[in-house]
Amino acid sequence: MSEPASKIESQKEIKQIKDMGLDQGVARLTPEKIEKVVNEVLENETGARLKAYVESCVHCGLCSDACHYYVSRKDPIFSPAAKVKQTLWEILEKKGKVSPEFIRRAAEVAYTECNLCRRCAMYCPFGIDVAYMMLTMRRICHKLGVTPQYIQDTAHSHSATMNQMWVKEDEWVDTLFWQEEEAQEEIPGLRIPVEKEGADIMYSVIGPEPKFRAQLIYQAAVILNAAGADWTMPATPGWDNSDMAMYTGDNEMMARLKKEHFETATRLKVKRIVMGECGHAFRSVYDMGNRALGWKMPPVPVVHALEYYYELFRAGRIKVAKKFEKPVTLHDPCNVIRGRGLHEMTRYVVNKTCENFIEMTPNREHNYCCCAGGGVINCGPPFRDKRVVSNSVKADQISATTKKGVEVVIAPCHNCHGGLEDIIHHFGLGVELKFLGDIIYEVMEKPE
Amino acid sequence: MHTLHNLVSGPLVWLAFIIFIGGSIYKLVTMAKEAKKKDPLVYEYWDGNYAFRSILHWLTPFGSVNWRKNPVLTLVTFAFHISVILVPIFLLAHVLLWKESFDISWWYLPEAAADWMTLIVIFACIFFAGRRMIRKDVKYLTSSSDYWILAMVAAPFITGYWAHHHWPMYRLMYILHILSGEIMLAAIPFTRLSHMLYFVFTRGYIGSEFGAVRHARDW
Ligand code: SF4
Ligand code: SF4
């Protein structure tokens with residue numbers, strides 16, 4: 001691998017991408033409707049913060065190099081401030097008098113060209129939060145009915161089933177029993193305690209786990225049991241902590257989802273919620289969903305898997321039989337690192353479980369996003385190529401570690417997993433991808 | 001010429017200061033009120049310590065990762081901002097005016113230093129304008145108002161330097177100097193120059209969010 005693999009295709013132009021949700025949504029718009037909805041949102045839902053951001057942006061471009069889209073493509077339209085220029089600046093300047101075509105482009109920018117990763121807020125001298133402005137744009141699009149089809153489908157699923165993947169209630173409970181049985185073949189007597197009132201912990205996962213990655217529930221059960229945790233999982237809706245409504249701009253639905261989640265924990269009388277390795281779900285429970293409900297901090301303490309693993313290893317509740325041998329690197333997921341500062345705890349666990357840990361650079365708060373987050377991967381196949389070539393810098397980052405011998409990338413987040421999988425495949429990086437839980441499960445001493 | 005001089009150095013000075021101070025207070029108060037009503041979370045999550053921590057890092061040359069990644073821009077930016085604030089306040093000629101008018105006075109800059117700092121401001125403005133033309137991403141973000149603002153800031157320094165060195169037509173330049181200075185001052189609250197007023201709040205707020213809620217650094 002001489003020339004970074006990423007250079008190959010990154011210049012490929014991606015023309016306007018067809019998407020049924022966006023195209024049909026825009027076809028229904030009239031200038032009057034746009035103006036009305038835009039001004040409603042701006043008037044009722046935004047205020048001083050947006051104004052201060054727009055008025056004090058000095059158009060300096062210091063945020064450009066923060067954004068993996070820009071760093072990968074070098075196209076000025078991908079600079080964070082440029083995304084605001086293509087959306088809210090124009091809308092504010094024209095007081096909502098913009099055309100349906102403008103909204104089409106603005107929606108594509110807000111939904112598929114920004115991961116809401118907040119890296120640029122750390123590079124702008126004024127701390128201007130572009131992610132917040134892209135969310136505001138998404139809010140407008142949601143109210144206009146202009147949302148990408150795939151992510152809108154998951155939002156529909158949330159509102160019909162209270163989970164992201166159209167999982168029916170009996171399917172959910174069946175999955176738990178199925179994983180319990182599987183695990184019992186390895187560890188007889190292992191239980192996945194369902195509906196145990198008064199347990200210390202409610203363990204919650206995202207919709208795609210029972211659907212596509214059920215073995216993660218199995219692994220979590222093994223870890224929690226080995227640690228002697230007093231835990232439970234709910235049998236009712238509220239088990240899913242994920243939240244695509246937060247990313248479509250459907251704030252009402254975001255609030256409903258989190259209400260259900262917190263109320264389930266309260267019904268089970270648990271002391272805290274421990275959640276699986278997911279970034280966006282953590283953002284929803286810890287940062288955005290609770291706020292939508294009027295809770296400054298989550299009403300039930302929320303602990304992300306990374307922090308929980310750290311707790312277990314600190315207390316010596318998990319023993320390592322034999323450390324993981326292949327050299328590993330770590331991808332820091334935005335929503336739990338920039339979003340919760342779990343970077344040192346994660347490194348503690350990686351060092352406890354792996355022989356040879358090699359950092360990728362930049363790392364910790366400064367790591368580049370996977371380009372799947374913020375709902376971008378959930379916008380589905382139409383936008384897949386764009387998000388992959390728009391993150392060639394991630395491919396470069398990973399291939400720099402493989403030169404040092406890295407064979408495994410640990411990505412402790414579902415979205416990052418999806419995004420990195422595509423990047424590794426597309427750029428032929430030849431590394432394996434694992435959750436931190438995969439590693440722990442592999443190296444831990446398991447009860448007989 | 002004489003009446004013009006009297007006008008710009010008399011009533012217009014008052015007007016400029018009234019607009020600058022009054023406008024700034026008005027802007028900040030209306031923003032604060034609106035935030036209270038519509039963005040109460042700014043107050044909820046504001047944390048003095050973390051806000052200060054973030055502001056301090058960004059007000060220190062090379063104190064943030066991004067400052068370190070752009071060393072030339074960082075040097076120019078800091079030299080520019082320090083000069084653009086200090087020169088008008090501590091220039092001997094200005095201090096003397098305050099002394100004459102209100103019998104108050106304070107420390108002043110050595111003349112050579114003030115001269116250099118004026119040149120720094122002028123060349124920094126040229127540098128910023130050049131950057132706007134050359135860097136593709138900055139060019140994309142730039143609108144004509146960005147050049148006007150640069151011109152507006154450079155004008156009092158160019159004319160002041162000119163007048164001070166008694167170059168041809170320096171009397172006219174002197175009048176233009178006062179006038180352009182007044183325009184700049186009055187424009188602060190109502191143009192993008194208001195970044196000067198909002199910096200503490202936007203930076204402080206993101207610093208509070210990152211520090212107190214997200215337990216992460218933001219520099
Ligand atoms: S993807 Fe991240 S860095 Fe880029 S504009 Fe969005 S929030 Fe900023
Ligand atoms: S968002 Fe910040 S860094 Fe980006 S152009 Fe505006 S002021 Fe500069």
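Convention: sequence-line order gives letters A, B, ...; per-chain numbering from 1.
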At what distance, to the nearest 0.5 angstrom, does CH2 of B:Trp58 lie from CZ of A:Phe126? 10.0 Å

Taking the side chain as every heavy atom from C-beta outward, state whether A:Arg49 and B:Leu41 have any atom pair closer than 4.5 Å. yes

If you compare all heavy atoms of A:Ser79 against all heavy atoms of B:Leu141, which two are closest, and at what distance to 0.1 Å? OG-CD1, 4.2 Å

Closer than 4.0 angstrom, basic N to acidic O: yes or no for A:Glu43 and B:Lys38? yes

I need the residue from A:Met297, A:Glu45, A:His366 with the largest number of non-hydrogen atom pairs under 4.5 Å to chain B. A:His366

Shorter than 4.5 Å, heavy atoms on both sides: which option in A:Ala82, A:Ser64, A:Gly339 has the most such pairs with chain B? A:Gly339

Got a donor-acceptor contact below 3.5 angstrom from the A:Tyr286 side chain to the B:Arg214 backbone? no

CZ/A:Arg118 to CD1/B:Ile206 distance, rounded to the nearest 0.5 angstrom? 7.5 Å

If you count heavy-atom pairs within less than 4.5 Å of chain B, which of A:Ile337, A:Asp65, A:Asp287 leads? A:Asp287

Is B:Leu193 close to chain A through its backbone or its side chain, or both, or neither, when contacts mean heavy atoms under 4.5 Å? neither

Quick one: what part of B:Phe128 sits under 4.5 Å from any heavy atom of chain A, side chain, backbone, both or neither? neither

So for B:Val213, is it side chain, backbone, both, or neither that comes closer than 4.5 Å to the heavy atoms of chain A? both

Residue part contacting chain A, namely of B:Lys36, when any heavy atom lies under 4.5 Å: neither

Measure the spacing between CG of A:Leu50 and CG of B:Asp39 and express it to the nearest 0.5 Å. 8.5 Å

Kindly compute the distance separating OH (B:Tyr140) from NE2 (A:His59), expressed to the nearest 0.5 Å. 12.0 Å

Taking the side chain as every heavy atom from C-beta outward, state whether B:Phe210 and A:Glu365 have any atom pair closer than 4.5 Å. no

Check: A:Leu62 main-chain N/O paired with B:Asn70 side-chain donor or acceptor under 3.5 Å: no

For A:Phe78, which atoms come within 4.5 Å of any heavy atom of chain B: side chain, backbone, both, or neither? neither

Under 4.5 Å from a heavy atom of chain B, the part of A:Tyr132 involved: side chain

Rounded to the nearest 0.5 Å, what separation is found between the NZ atom of A:Lys85 and the OG1 atom of B:Thr142? 7.5 Å

Would you check if the side chain of B:Arg203 reaches a backbone N or O of A:Pro125 as a donor-acceptor pair within less than 3.5 Å? yes

Mind listing the closest non-hydrogen atom pair of A:Pro76 and B:Asp137 along with its distance? CB-CA, 3.8 Å

Hey, does A:Met122 have a side-chain heavy atom less than 4.5 Å from the side chain of B:Asn66? no

Looking only at heavy atoms, which two atoms of A:Lys296 and B:Glu44 are closest? And how far apart? NZ-O, 2.8 Å

Measure the NE2-SG distance between B:His195 and A:Cys57 for me, rounded to the nearest 0.5 Å. 10.5 Å

Look at A:Arg364, A:Arg119, A:Glu55 and state which one has the largest set of heavy-atom pairs under 4.5 Å with chain B. A:Glu55

The interface call for B:Lys33 against chain A, heavy-atom contacts under 4.5 Å, is neither

Closest non-hydrogen atom pair between B:Tyr45 and A:Trp295, with its separation: OH-O, 4.2 Å

Mark yes when over 12 heavy atoms from residues, nucleotides or ligands other than B:Trp14 sit less than 6.0 Å from its CH2; otherwise mark no. no

Under a 4.5 Å heavy-atom cutoff, which of A:Pro362, A:Cys60, A:Ala121 has the most pairs with chain B? A:Cys60

